[in-house]
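I have placed the structure first, in the form of structure tokens, so that the comments after it can refer back to it.
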Amino acid sequence: KGNKIIAKLDPFTKYTVRVRQALTPKKWTALRTFSTTSDAVVGLSPINITTTGTELTWKPVVGAATYNLYSNGKLLINTAALSHTVTGLLPGSVNTFTVSPVATSIEGPISAEVSVNTLIDTPVAPVLSGISSNSVTASWEIDKNAINYEVTLYDSLGTNLFSTNK
């Protein structure tokens, strides 16, 4: 089998190729058309995760005019921006996102998947243990996206006796 690597092609470009032998008879093969794509998007990252959304950012791809953003495998939006704010997610849900570059109606490869765990709306009530005459331990399920928690202690009259971030 013969082969030839043709390099230095432009991304997102349609090309046609054919081959013929150098000796007689010089008959051409049928035309074969193909389109180059591009590199995959890298750097897809979620920031500012909330209970119902997140902002996604990514790095540009040479030659891309727009980007297809997918949520859980379904096209969410086509955008020329390098970021998009996603809203309408459920609190405490896990959502996956990918992005692909697009130019001249040619879609490039899909990026590596990133998972976003939205914050829970309200933490589950704490479990109290180790109650003694002068202390108590409060424990609760940790939301892995939460930066910190505020713990507040009230007396029987509802007076705030203690408040801190953990």
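Nearest heavy atom pair, residue Val62 against residue Pro11, reads O-CG, 3.9 Å. Taking every heavy atom of both residues into account, Ala103 and Ala65 meet most closely at CB-N, 4.0 Å. What you find for Pro101 and Ser38 is that their closest heavy atoms are CG-OG, 3.2 Å.
In Arg20, the CZ atom is crowded: over 12 heavy atoms of neighbouring residues, nucleotides or ligands sit closer than 6.0 Å.
Looking at Thr118 and Leu89, their side chains come closer than 4.5 Å, going by heavy atoms from C-beta outward. Within the 4.5 Å cutoff, no side-chain heavy atoms of Leu56 are placed close to those of Ser83. Contact of the Ile120 side chain with the Pro91 side chain is not registered, since no non-hydrogen atoms from C-beta on lie closer than 4.5 Å.
Trp58 is connected to Val86 through a chain of hydrophobic side-chain contacts under 4.5 Å among Ile, Leu, Val, Met, Phe, Trp and Tyr, so both are in one cluster. Using a 4.5 Å cut-off between side-chain heavy atoms of Ile, Leu, Val, Met, Phe, Trp and Tyr, with links allowed through other members, Val114 and Val61 fall into the same hydrophobic cluster. Tracing side-chain contacts under 4.5 Å through hydrophobic residues (I, L, V, M, F, W, Y), one never reaches Ile110 starting from Leu69; they form parts of separate clusters.
Each ring pair (Phe, Tyr, Trp, His ring centres under 6.0 Å) pair with one or both residues in residues 24-53, not counting sequence neighbours, appears once here: Tyr15-Phe34.
How far OG1 of Thr137 is from CG of Leu128: 9.0 Å, rounded to the nearest 0.5 Å. We find the CD-OG1 distance between Glu55 and Thr85 to be 4.5 Å, quoted to the nearest 0.5 Å. In this structure, Ser111 OG and Tyr67 OH are separated by 11.5 Å, a value rounded to the nearest 0.5 Å. Rounding to the nearest 0.5 Å gives a distance of 7.0 Å between OG1 of Thr37 and CZ of Phe12. Note that the CG atom of Leu44 and the CD atom of Glu113 stand 9.5 Å from one another [nearest 0.5 Å]. Separation of atoms NE2 (His84) and OG1 (Thr54) is listed at 10.5 Å; rounding is to 0.5 Å.
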Result block: side-chain N/O donor-acceptor pairs under 3.5 angstrom for residues 70-78, not counting sequence neighbours:
| unit_1 | atom_1 | unit_2 | atom_2 | d |
| --- | --- | --- | --- | --- |
| Tyr70 | OH | Glu107 | OE1 | 3.4 |
| Tyr70 | OH | Glu107 | OE2 | 2.6 |
| Asn72 | OD1 | Thr96 | N | 2.8 |
| Asn72 | OD1 | Thr96 | OG1 | 3.2 |
| Asn72 | ND2 | Asn95 | OD1 | 3.4 |
| Asn78 | OD1 | Thr66 | OG1 | 3.4 |
| Asn78 | ND2 | Thr66 | OG1 | 3.1 |
| Asn78 | ND2 | Asn68 | OD1 | 2.7 |

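Formation of a donor-acceptor pair under 3.5 Å by the Thr79 side chain with backbone atoms of Ala81 is found in this model. A donor-acceptor pair under 3.5 Å links the side-chain atoms of Thr13 to the main chain of Asp10, judged by distance alone.
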CA sep, side-chain torsions, deciding dist, call: Ile49, Val116, side chain to side chain contact (heavy atoms under 4.5 Å, CB included): CA-CA 8 Å; Ile49 298 169; Val116 173; 4.2 Å; yes
Trace of the side chain to side chain contact (heavy atoms under 4.5 Å, CB included) decision for Lys1 with Asn3: CA-CA 7 Å; Lys1 267 188 166 182; Asn3 66 52; 5.9 Å; no
Side chain to side chain contact (heavy atoms under 4.5 Å, CB included) assessment of Lys14 paired with Thr33: CA-CA 7 Å; Lys14 183 177 176 179; Thr33 301; 3.2 Å; yes
